[in-house]
Amino acid sequence: MASVASLLDGLNPPQREAVCCVQGPVLVLAGAGSGKTRVITRRIAYLLARRLAQPEEILAVTFTNKAASEMRERVGELIGKKAAAAVVISTFHSFCLQVLRKEIEHLGYRRNFSIAAESDARTLLRRVVEEIGAQESFSPAMFQSAISLCKNSSTEPDLDKALPVRSETEEKYSEFLPHVYEQYQSALRAANSLDFDDLLLMTLKLWREHPRILDRYRKQFRYVMVDEYQDTNGVQYALLRLLVGEHRNFCVVGDDDQSIYAWRGADSRNILEFEKHFPDAKIVTLDQNYRSTETILEAANHVIKHNGARREKKLWSQLGKGRPIDWLVVTDDEAEAKKAVEWLKHIQSKTGARYNDFALLYRSNVQSRPLEIAFRQAGIPYVVFGGQEFFDRAEVRDILAYLKLIANPRDEASLLRIVNVPRRGVGDATLHRAHEYCRAEHLPVTQALAELLKRGEAPGPAEKGLREFLGLVTHFRKRFREEAGNLKGLVEELVVAIDYHGELQRTSKTPQQALARWQNVELVVKAIGDYAAQAAVPTLSAFLDESHLNTDQDRFSRQERRQTGVTLMTIHSAKGLEFPFVFLMGMEEGLLPHERSIRDAAIDEERRLCYVAITRGRRHVTFFEALSRVKHGRERPSATSRFLKEIPEHLLKQHLHAVREMTAEKLAPTGTKRKPRKRTKT
């Protein structure tokens, strides 16, 4: 293990202060690129080096598996892999899942509960909406979004605040929401399932209702650290307050200027009001940036200072001034895409940069389409991050649904997905009867179907199909229980038993599509093989848990290791990442800030989003602005983003060369006078 002195080597004074202040509540305000991961990992090692705690008495919580993995690796380099493995470094949801796997029986659930993926939750909500006879009037997705928001925003879900009522449609949804919520939670419980948000809520419920269990976790974790504290929601805050209530050795690291997830329940007040919650808190500010040039940071500082409710900090760097931010003004979104290709090649010719040194960031996914077309035409490799993810593909979800039903016979959403994959002739009427019987008798859905067979209530082809299906599930449930060490082999057998290869050939539009889908199935089999090879005690449930707990950034980190092309992604997805060259697309009112945020007076969060985008750049940032853009099928004029106007002229180099051919007729509809700052040739 490293010595105490060596752990402090190379730290600047505020970083050293954050590492050494280990008693009581501590707030570390860590600006973008200020070395916060270094501080957290050194702090863990410092606690151990000074023998203030044992490894298992330290809990470090963050938001992505990528960040947790990086922390664990760095801690291992400082204290040794064996000691690092004993420190609990986890995401919020992974930690709560571990708690519930041990303790959930106290809440009336079985330990083999399933995690309902987003698609599973929507399946159950669709069933609930059908039961109230409103499937033609309501979107399950709208209810799903409202339920998720109210679960994340409060320790007691407040349905009145989940749907802002601004129209007759929203008023209609708001009226039905309490009933839908109640029936949805009932369906989840009957299926012995929790949705993603319930992992947090149920852990909170467990600790509140069972103080002895809470006391056990309090005694275990004597030091608690939280990364990205500005992204915590009401439930996460309540969990942390309960956990640190005795010792109060609580260190949080975050940056209110990077709080960009209010739309999913994050509450920036948790970090802004930290001293209110912990009056004796120590505050340490990390404002030296080790990532970006002075120009990039000065531009970001000028944008974010216009927000009112924030903690004052000003990022600075010793990496040199760097060149001004280039501001390219073009005619429309098609010209913007072509100019992005041209500008990228220009930078490459000057710097020798590789394609994967570039990231094109945008506010909305719809902005990626013209960019993709332009890159394809130019023969430039690219990766669109935020498209359909691997675990969201139909064929992957089918195989996982079989595995989830084998692990949890009450998983109704999984059964509904695969009872007719391949076709078995089981109709909706039979499934509805089973559903009603399941609820009335409190039976697993598979047992309810078996009872229907006994009573002769599955007529015609459904009887044969159900017998085959239930026999298959029962057979493999027994096999997975008895042959736990052969996970990969059993999944391979399952795929053959259901003739899934034939199913793909029957249902795919082309042989090429069938082949591509089959290759995805093979990747599932490989993934479970990789998991089994790495896990100390591999289980089917643990593999399924792992497949549900990956975040967007975790998926990007896997892509990042193998991708050699340009990255296209939303600004939200880019948080926590960095690139040598960043192109910020669509610097216009209505895009950044988004028109919805302008309407809802949520400009502060949009400004933080712009700040996050700018600070992703290491060497250089380029802004793109289009004078018109196609919206809802029509070309409409655009106005310069207010955030761009907040940046001083000396930090910008504007290029109007791209629009020199535009006629007065083309410019007239914009309604804005554009006074060029500096006309330069590109």
Side-chain angles (χ1 to χ4, degrees), residues 32-33 63-67 69-70 258 260-261 291-293 296 300 322 325-326 328 330 333-334 336-393 550-587 591-592 609-626:
F63 279 83
T64 68
N65 288 317
K66 176 190 175 186
S69 178
E70 183 182 350
Q258 296 186 73
I260 59 173
Y261 296 120
R291 174 193 300 163
S292 307
T293 66
I296 291 173
I325 291 176
D326 287 293
L328 275 61
V330 296
D333 41 8
E334 184 178 335
E336 178 188 52
K338 291 179 179 177
K339 179 55 67 175
V341 169
E342 179 185 324
W343 191 249
L344 185 149
K345 290 180 177 178
H346 170 72
I347 292 176
Q348 280 189 317
S349 69
K350 298 291 185 182
T351 65
R354 299 166 299 179
Y355 287 130
N356 61 1
D357 288 332
F358 293 86
L360 277 66
L361 308 182
Y362 36 80
R363 176 63 176 84
S364 175
N365 274 313
V366 298
Q367 293 173 253
S368 73
R369 192 162 185 268
L371 296 171
E372 291 183 66
I373 293 172
F375 279 111
R376 278 199 301 269
Q377 289 175 344
I380 295 176
Y382 66 91
V383 175
V384 180
F385 181 69
Q388 187 179 29
E389 298 292 352
F390 177 73
F391 284 104
D392 293 333
R393 299 180 186 278
N550 283 317
T551 65
D552 286 348
Q553 287 192 6
D554 301 324
R555 292 175 183 128
F556 177 80
S557 69
R558 290 195 296 273
Q559 273 189 5
E560 190 179 28
R561 287 195 292 268
R562 62 179 182 270
Q563 79 108 348
T564 57
V566 177
T567 297
L568 309 183
M569 68 194 326
T570 64
I571 303 171
H572 281 102
S573 297
K575 186 172 176 292
L577 305 175
E578 58 183 67
F579 304 88
F581 300 97
V582 166
F583 292 1
L584 186 48
M585 318 305 295
M587 287 293 287
L591 274 181
L592 190 64
L609 198 59
C610 183
Y611 174 84
V612 165
I614 295 171
T615 55
R616 297 314 91 196
R618 283 162 38 196
R619 292 180 59 182
H620 186 248
V621 172
T622 303
F623 293 150
F624 286 79
E625 176 193 357

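We use all heavy atoms of the structure for the numbers below, so side chains are in, but hydrogens, waters and symmetry mates are not.
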Could you give the distance from CH2 (W343) to OG1 (T622), rounded to the nearest 0.5 Å? 6.0 Å

For the atom pair CG (L328) and CZ (F624), what is the distance rounded to the nearest 0.5 Å? 5.0 Å

First locate atom CG of L609, then atom NE2 of H572, and finally report the distance between them rounded to the nearest 0.5 Å. 4.5 Å

Close side-chain approach of Q258 and Y611, heavy atoms under 4.5 Å: yes

Please report the closest heavy-atom contact between V621 and I325, naming both atoms and the distance. O-CG2, 3.4 Å

Check whether any side-chain heavy atom of E625 sits under 4.5 Å from a side-chain heavy atom of V330, and report yes or no. no

Under the criterion side chain to side chain contact (heavy atoms under 4.5 Å, CB included), I'd like the reasoning laid out for Y355 against L344: C-alpha separation, chi angles, the key distance, then a yes or no. CA-CA 9 Å; Y355 287 130; L344 185 149; 4.0 Å; yes

R369 atom CZ, over 12 foreign heavy atoms within 6.0 Å: no

Do you know which two heavy atoms are closest between Q348 and A353, and how far apart they sit? NE2-O, 3.2 Å

Determine whether more than 12 heavy atoms belonging to other residues, nucleotides or ligands lie under 6.0 Å from atom CD of E334. no

Let me confirm one number: the CZ-CD1 distance from R619 to I347, rounded to the nearest 0.5 Å. 9.0 Å

Trace of the side chain to side chain contact (heavy atoms under 4.5 Å, CB included) decision for N356 with V566: CA-CA 5 Å; N356 61 1; V566 177; over 6 Å; no

Determine the minimum heavy-atom distance between A340 and M585, stating which atoms define it. CB-CE, 4.1 Å

Distance from F375 atom CZ to S368 atom OG, nearest 0.5 Å? 11.0 Å

Rounded to the nearest 0.5 Å, what's the gap from CG on L360 to CG on L371? Could you check? 5.5 Å

Is the shortest heavy-atom distance from the side chain of N365 to the side chain of T570 under 4.5 Å? yes

Just do the side chain to side chain contact (heavy atoms under 4.5 Å, CB included) check on H620 and D326 with the steps written out, would you? CA-CA 9 Å; H620 186 248; D326 287 293; 2.9 Å; yes

Is there a donor-acceptor contact under 3.5 Å from the side chain of S349 to the main chain of H346? yes

Take L592 and Y362 through the test side chain to side chain contact (heavy atoms under 4.5 Å, CB included) and record every step on the way to the result. CA-CA 9 Å; L592 190 64; Y362 36 80; over 6 Å; no

Can a donor-acceptor pair be found, under 3.5 Å and without considering hydrogens, that links the side chain of S292 to the backbone of G617? yes

Side-chain donor/acceptor of Q367 to backbone N/O of S364, under 3.5 Å: yes

Might you point out which heavy atoms bring A374 and K338 nearest each other, and give the distance in Å? CB-N, 4.2 Å

Close side-chain approach of K66 to L577, heavy-atom, < 4.5 Å: yes

Ring geometry between F358 and F583 (parallel below 30°, tilted from 30 to 60°, perpendicular above 60°): perpendicular

Can you check whether R616's main-chain N or O pairs, donor with acceptor, with E578's side chain at less than 3.5 Å? no

Any donor-acceptor N/O pair, S573 side chain to M569 backbone, under 3.5 Å: no

Go through it in stages, so that I can follow the logic: the residues are K339 and E342, the test is salt bridge (charged side-chain N to carboxylate O under 4.0 Å, His left out), and I'd like the CA-CA distance, side-chain angles, deciding distance and then a yes or no. CA-CA 5 Å; K339 179 55 67 175; E342 179 185 324; 2.8 Å; yes

How close do L591 and G586 get, heavy atom to heavy atom, and via which atoms? CB-O, 3.6 Å

